[in-house]
Q: 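If you scroll down you'll find the structure; I have some questions about it.
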Amino acid sequence: MSDTPSAPVPAPYDPATLEPRIQRQWAEQGTNQARLDDPARKFYALMMFPYPSAEGLHVGNLFAFTGSDISARYHRLLGYDVFQPLGYDAFGIHSENYALKVGAHPMELTPRNVANFQRQLERAGLMVDWRQKVDTSRPDYYRWTQWVFLRLLERGLAYKKQAAVNWCPSCKTVLANEQVEDGACERCGAAVAQRELEQWFFRISAYAERLLANLDWLDWSAITKQAQRNWIGRSEGAQLEFAVAGHDARVTVFTTRPDTIFGATYLVLAPEHPLVGAITTAAQRAAVEAYQARTRQQDLVTRKTTREKTGAFTGAYATNPATGAPIPVWIADYVLMEYGTGAIMAVPGHDARDFDFAQAFGLPVARVVAAPGEAPDAPLAEAFEDDAGGRLVNSGPFDGLPVAEAKGAVTAWLAERGAGRAVVNYRLHDWCISRQRYWGPPIPVVYCDGCGTVPVPEAQLPVALPFLADFKPDDSGVSPLARDAAWFRVPCPRCGAEARRETDVSDTFLDSAWYFLRYPSATDAGAPFDGARTRAWLPVDSYIGGNEHAVLHLLYSRFITMVLHDMGHLAFEEPFTRFRAHGMIIREGAKMSKSKGNVINPDQYMDQWGVDAFRMYLMFLGPYEEGGDFRDQGISGVRRFLDRVWASVRDATAEGAADPAVARKLHRTIKKVGEDTATLGYNTAIAAMMEYVNVLRRGERAPHRHEVRPLVQLVAPYAPHLAEGCWALLGETGSVFDAGWPAFDPAQLVDDEVELVVQVNGKVRGKLRVPAGVAEGEALALALADPGVARFVDGAPKKVIFVPRRLLNLVV
RNA sequence: GCCCGGGUGGCGAAACGGCAGACGCAGGGGUCUUAAAAACCCCAGUCCGCAAGGGCGUGCGGGUUCGAGUCCCGCCCCGGGCACCA
């Protein structure tokens, strides 16, 4: 045996003991707490807060959170004061339905689910400042959600109107469009009908242009911005007026094709259009009313997806302002009341829907646009919709004009005759925030016979959600809250007379439309968001979340922020400076779902491999912004890497000469990991660190201390517990997260000697080791002297392409 | 139908217009071991060939270029979102 003293037993990497120890240390030392009051260089890192489902944390949640956490930790290492909060989106129909299903009460169930989530999230080792946690279902939060509602009411942006909803007569509840499948309720299968209810709306449509315009400068994922642009749906066109024969009434239509006015052979109103009753002739009244009734019976989804054309003739005729011809006025459910003016001019020759309708009811089809070389009276077998190369025909003074020019010219011509004007229309409709349900913040309004609609005074907030043993909706279409008489009857805040509370609760999207404002002030009982804190921390520097919220949540948050800005409550009008959408995790090529039984339980993997290995594997699966495919076998590779990092640190010696090749690799790795981490290129950053460790440990080489110390810093955002443990192992004091980010030496990035690829006619025929600065002539001489290259070259090359440091291509 | 993504080894995936397949999984061979595991080292797109070497290769068909996974045109397939929006 050797006579050297036996070395101490080397400590293996053991995440099961290391991770809890490090987490205790972080908690004791307040490592994850932000300097909320006096940040020097603030960085607000936000991730979309979860809905605390009873099933517990989903691997998709953890994928999202880990990606945000890495970014947050990286910024901390760069020297920012990072604030990364998290909370719970705990209100909503989801929780309520689940409670109904299992026969529990949401007030009891929700805290339990939240506690379970909290346990799982804490275990995941996120750098979250838990002091600032929010829970939207708690009165100390929704009190301020109600405050936000009152601000919109004050500003004239909240209003009530009748609106059609999907109604399931069996579940006795309003259904969202997503909950209707083939005209039936997704839960019970009963046929869904329309029902008109008085609902609260927010006038987001008034902000359409601003919400659209700001997208141009926001640093957001391109796909997210595009989704918002599509949703806002700006379209330029004209409103045109049609006089109705024998009536004072004029029908206003919206069209994007005013150029086709000469081809408008009939008008169609939405069945619920207010003019229908007035213009319908006695002879047609029965048919029209039957059709209206039939439309009301239909659910909203079926109405919008059925292509078959139905309708009824009103008996009335309108005058085409361009041709002077009388044209019939119909009603049909393919015209929607909520878009444009709820009425259209039908141009069957140039609109596929109008064409189908005209075919179904034998209405005339006229051609007013022709393709180049096409006869003005060429018959139309289908609608000719192409407006790119077409020119007008059969259009009086406008014949021959290209469509693009005709749009403006026709609009101007009609405007002169008082029959129209250019308008911009948006698809974005107002936000219905009413929910006739239980589990949400009561809308803080009181109805008084004398005073009308009275906002609940701020001092009386919150309007607390009462405990209702029976919170099941009934077929009244009114929220269960109406059944709690003690709660419902309330003195009018203005005159003191007996009055009634609003019984609708608000949409969960309202809870989440302002939660990022609350985090820095989460414990503030006196205001929704403290002025100084808000100035110090907002807007959010980095927001990461799923693109399923590209439209609603993100748009509503922008809207609420704009309104609060306009009212002087906020200094900025866009809440999220940078937004990145992460991808989706699938498993073995298939979407995860409970029914397939392939849902990943994070706890089990964290038990087996450690938290760090699990998070790092999630990040290694593929590009963060695209998602990845979770395969059980793959995680061992990441774990092996962490073992090797640990062993490298443990075996590092303080003395000895550096290996210049290792040093060069280190500096390249620092550069690469920094760049990739900044751009969310986590998978390639991890690969780069693996490459470095492969070089570092080649042949069981014992690394030097200064070769591993920066590695620990690089790996820290990815495997924070391991890095913290390694940092201590290196004898460093304090947290690695206060140690800064290593710098690379640019001089170390350039090699003295490079491998030059030699191609002949684009095919690789040889490789040369040459000095980095070798000249073209010299490289050519060396290449021609190479027998492998010379075989393919006969005589002098016709052309030589030389890319310094990379390649030499000889064309022969 | 429209709008995005994406199609690369056995698998997950890399690749400023310049060596396709980095990194990892699975696989094969080896070192160590009585043995196995672990660890470490090496091999590994595919076809022909004992080898040296060569041919072919990034969904399909064209094009631009000295050179194309990457750029352009036309298709096919998969995933996601929107969808009677006038």
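Chain letters run A, B, ... following the sequence lines, proteins first, then strands; residues in each count from 1.
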Q: Would you say A/Asn425 and A/Ser235 are linked by a side-chain donor-acceptor pair, where the criterion is simply a distance under 3.5 Å?
A: no
Q: If you compare every side-chain N and O of A/Arg229 against the phosphate oxygens of B/C4 (OP1, OP2), does one of them come in below 4.0 Å?
A: no
Q: So, A/Arg580 and A/Asp219, do they make that salt bridge, N to O below 4.0 Å?
A: yes
Q: Roughly how far apart, to the nearest Å, are B/C50 and B/A14 at atom P?
A: 38 Å
Q: Any base atoms under 4.0 Å from A/Leu621, or only sugar-phosphate, or nothing? Heavy atoms, all strands.
A: sugar-phosphate
Q: Between A/Asp651 and A/Arg701 (salt bridge meaning N to carboxylate O under 4.0 Å), is one present in this structure?
A: no
Q: Mind checking A/Thr306 for me? I need base, sugar-phosphate or nothing, with any heavy atom below 4.0 Å counting as a touch.
A: base
Q: Can you sort out which residues in residues 760-775 of chain A have a heavy atom within less than 4.0 Å of RNA chain B? Ascending by number, please.
A: A/Lys763, A/Val764, A/Arg765, A/Lys767
Q: Could you measure between the two P atoms, the one in B/A83 and the one in B/U8, and give it in whole Å?
A: 31 Å
Q: Pick base, sugar-phosphate or nothing for A/Arg806, based on heavy-atom distances below 4.0 Å to the nucleic acid.
A: base
Q: Is the distance between the ring centroids of A/Trp330 and A/Phe357 under 6.0 Å?
A: yes
Q: Using only heavy-atom distances, decide whether a donor-acceptor pair under 3.5 angstrom links the side-chain of A/Lys798 to the base of B/C66.
A: no
Q: Counting any heavy atom closer than 4.0 Å, what does A/Gln759 reach on the DNA or RNA strands: base, sugar-phosphate only, or nothing?
A: base
Q: Taking O4'-C1'-N9-C4 for purines and O4'-C1'-N1-C2 for pyrimidines, is B/G67 syn (within 90° of 0) or anti?
A: anti
Q: CD1 of A/Ile586 versus C1' of B/C78: gap in Å, rounded?
A: 11 Å
Q: Does any donor atom in the side chain of A/Tyr605 or A/Asp632 lie under 3.5 Å from an acceptor atom in the other side chain?
A: yes
Q: Where the side chain of A/Thr66 meets the backbone of A/Phe63, is there a donor-acceptor pair that is under 3.5 Å apart?
A: no
Q: A/Asp786 CG to B/C19 P: how many Å, rounded?
A: 18 Å
Q: Any chance you could measure A/Met592, atom CE, to A/Arg587, atom CZ, to the nearest 0.5 Å?
A: 7.0 Å
Q: Give me the distance, rounded to whole Å, that separates B/A13 from B/U58 when you measure between the C1' atoms they each carry.
A: 13 Å
Q: Taking the minimum atom-to-atom distance to the side chain of A/Glu626, which one of B/C84, B/G6, B/A86 wins?
A: B/G6
Q: Report which part of the nucleic acid A/Glu308 touches: base, sugar-phosphate, or nothing (heavy-atom distance under 4.0 Å, all strands).
A: base
Q: Is A/Glu209 paired with A/Arg234 through a side-chain N to carboxylate O contact shorter than 4.0 Å?
A: yes
Q: Would you mind checking if A/Arg303 and A/Glu272 are paired as a salt bridge, meaning a charged N to carboxylate O distance below 4.0 Å?
A: yes
Q: Taking atom P in both B/G27 and B/A38, compute the distance separating them and give it to the nearest angstrom.
A: 10 Å
Q: Could you tell me whether the side chain of A/Arg639 and the main chain of A/Trp609 form a donor-acceptor pair under 3.5 Å?
A: yes
Q: For B/C84, take OP1 and OP2 only and decide whether either is under 4.0 Å from a side-chain N or O of A/Arg307.
A: yes
Q: On a whole-Å scale, what distance lies between the P atoms belonging to B/G57 and B/G63?
A: 15 Å
Q: Sticking with atom C1', work out how far B/C56 lies from B/A20, rounded to a whole angstrom.
A: 14 Å
Q: Taking Watson-Crick (N1-N3 plus N6-O4 or O6-N4) and G-U wobble (N1-O2, O6-N3), each under 3.5 Å, can you produce the dot-bracket string of RNA chain B? Use [ ] for crossing pairs and | for inter-strand ones.
A: (((((((..(((.....[....))).(((((.......))))).((((....))))..(((((..]....))))))))))))....
Q: Base, sugar-phosphate, or nothing: which does A/Tyr692 touch, judged by heavy atoms less than 4.0 Å apart?
A: nothing
Q: Work out how far the P atom of B/C47 is from that of B/C41, and round it to whole angstrom.
A: 29 Å
Q: Do A/Tyr718 and A/Phe641 have their ring centres less than 6.0 Å from each other?
A: no
Q: Can you tell me how far C1' in B/G9 sits from the matching atom in B/C4, rounded to whole Å?
A: 29 Å
Q: Using a 4.0 Å heavy-atom cut-off across all strands, classify A/Val757 as base, sugar-phosphate, or nothing.
A: base
Q: With distance as the sole test, does A/Asn809 use its side chain to make a donor-acceptor pair with the main-chain N or O of A/Gly762 at under 3.5 Å?
A: yes
Q: Would you call the rings of A/Phe509 and A/His549 parallel, tilted or perpendicular, where under 30° means parallel and over 60° means perpendicular?
A: perpendicular
Q: Check A/His350 against A/Phe384 and note the closest heavy-atom contact, atom names and distance.
A: ND1-O, 2.8 Å
Q: Donor-acceptor pair under 3.5 Å: do we get one between A/Glu755's side chain and the base of B/C19?
A: yes
Q: Toward the 5' end of RNA chain B, which comes first, A/Asn809 or A/Asn425, by nearest nucleotide?
A: A/Asn809
Q: Specify the residue among A/Arg697 and A/Gln226 whose closest nucleotide of RNA chain B lies further upstream toward the 5′ end.
A: A/Gln226
Q: What N/O pairs connect the protein and nucleotides 22-27 of chain B at under 3.5 Å? Give each pair on its own line.
A:
unit_1: B/A22; atom_1: O2'; unit_2: A/Glu691; atom_2: OE2; d: 3.0
unit_1: B/G24; atom_1: OP1; unit_2: A/Asn694; atom_2: ND2; d: 3.1
unit_1: B/C25; atom_1: OP1; unit_2: A/Arg640; atom_2: NE; d: 3.2
unit_1: B/C25; atom_1: OP1; unit_2: A/Arg640; atom_2: NH2; d: 2.5

